[in-house]
Amino acid sequence: MTRWWRPELGLAIVVLVLGVLVVVGTLDVSAAASQLGIGPRFFPMLVGGAMVLIGLFYVADVLRGGHGDPEESEDVDVEAPTDWRGVGLVSGIFLAFAALLNVLGWIIGASLLFFALSLALGTEHKSRAAVVAVVMGVTTYLLFVKGLGVTLPGGPLEGVI
């Protein structure tokens, strides 16, 4: 008898559940449709529906014996243990970002996020990483707020940009 539970099945179920959550969460969105007839629920429903469909196909494939291909990259040691310190650092950085986003605002929070991630992943040029982090924080803020009209928390910089 083959082992029915494998990591691939876990990922397949996560994709399926996330798709269902996106679809269910989108059902609560209510706003007028645009002149083209496409309302604000169209794209989230499209993405959520695609995730549900992909998740279903993925679950079926794994249950029929499908599996992920082994890593074939020349610089990856598949026998190396997991770097739990790195996983913990990256997870902690994301959790701190989520907790402090409304207080710090997007520009400061995202800049700290990008810089902290570069440190956790082993950057050798800290000053360059800091400059790139600030540029990315400001650029993403401007693209989303000014370009797409998405509201992001301003924090202490509210009204400055």
Side-chain angles (χ1 to χ4, degrees), residues 1-107 109-122 133 136-137 139-153 155:
M1 182 173 119
T2 60
R3 205 173 89 199
W4 69 273
W5 180 260
R6 296 191 318 264
E8 292 95 344
L9 185 58
L11 180 61
I13 291 171
V14 166
V15 171
L16 179 62
V17 168
L18 286 176
V20 169
L21 290 175
V22 168
V23 169
V24 169
T26 304
L27 294 175
D28 291 338
V29 175
S30 61
S34 69
Q35 292 178 351
L36 298 174
I38 296 177
R41 295 189 328 178
F42 177 75
F43 288 108
M45 289 294 268
L46 184 70
V47 170
M51 287 177 69
V52 168
L53 191 63
I54 290 168
L56 287 172
F57 282 127
Y58 194 13
V59 167
D61 178 55
V62 171
L63 291 177
R64 284 187 286 147
H67 56 84
D69 294 329
E71 181 62 49
E72 296 178 5
S73 179
E74 64 186 48
D75 61 345
V76 174
D77 181 8
V78 294
E79 302 299 321
T82 302
D83 178 17
W84 290 111
R85 179 185 171 275
V87 171
L89 277 172
V90 170
S91 300
I93 291 167
F94 276 111
L95 289 173
F97 170 71
L100 297 173
L101 180 60
N102 286 329
V103 176
L104 297 175
W106 179 266
I107 294 174
S111 297
L112 289 173
L113 168 74
F114 298 141
F115 181 65
L117 286 175
S118 68
L119 291 178
L121 297 174
M136 286 179 61
T139 302
T140 55
Y141 181 83
L142 292 175
L143 283 173
F144 278 92
V145 172
K146 305 294 184 186
L148 298 174
V150 175
T151 304
L152 293 176

Between the CG atom in Leu18 and the CD1 atom in Ile13, the distance rounded to the nearest 0.5 Å is 12.0 Å
Which atom pair, heavy atoms only, marks the closest approach of Gly109 to Leu104? N-CB, 4.1 Å
Which of these, Val22, Asp28, Thr26, Val20, sits in a side chain to side chain contact (heavy atoms under 4.5 Å, CB included) with Val24? Val20
Does any non-hydrogen side-chain atom of Leu16 lie less than 4.5 Å from one of Val52? yes
Can you check side chain to side chain contact (heavy atoms under 4.5 Å, CB included) on Phe57 and Leu53, steps first, answer last? CA-CA 6 Å; Phe57 282 127; Leu53 191 63; 3.6 Å; yes
Could you check whether the rings of Trp106 and Phe97 sit parallel, tilted or perpendicular, using 30° and 60° as the cut-offs? perpendicular
How long is the gap from CG on Asp61 to CG on Leu56, to the nearest 0.5 Å? 12.5 Å
Option passing side chain to side chain contact (heavy atoms under 4.5 Å, CB included) with Leu143 (candidates Thr139, Thr140, Val145): Thr139
Check the pair Leu9, Val59 against side chain to side chain contact (heavy atoms under 4.5 Å, CB included), reporting the backbone distance first and the verdict last. CA-CA 6 Å; Leu9 185 58; Val59 167; 4.2 Å; yes
With a 4.5 Å heavy-atom cut-off, do Met45 and Leu27 have their side chains touching? yes
Working note: Leu121 + Leu89, criterion side chain to side chain contact (heavy atoms under 4.5 Å, CB included); need CA distance, chi angles, decisive distance, verdict. CA-CA 9 Å; Leu121 297 174; Leu89 277 172; over 6 Å; no
Tell me, with the steps shown, if Leu11 and Tyr58 meet side chain to side chain contact (heavy atoms under 4.5 Å, CB included). CA-CA 9 Å; Leu11 180 61; Tyr58 194 13; 3.7 Å; yes
Which atoms form the tightest heavy-atom contact between Gly49 and Val23, and what is the distance? N-CG2, 3.7 Å
Anything under 3.5 Å between a donor and an acceptor, one on a side chain of residues 111-119, the other on a protein residue two or more places apart or in another chain? List them.
residue	atom	partner	partner atom	Å
Ser111	OG	Ile107	O	2.7
Ser118	OG	Phe115	O	2.6

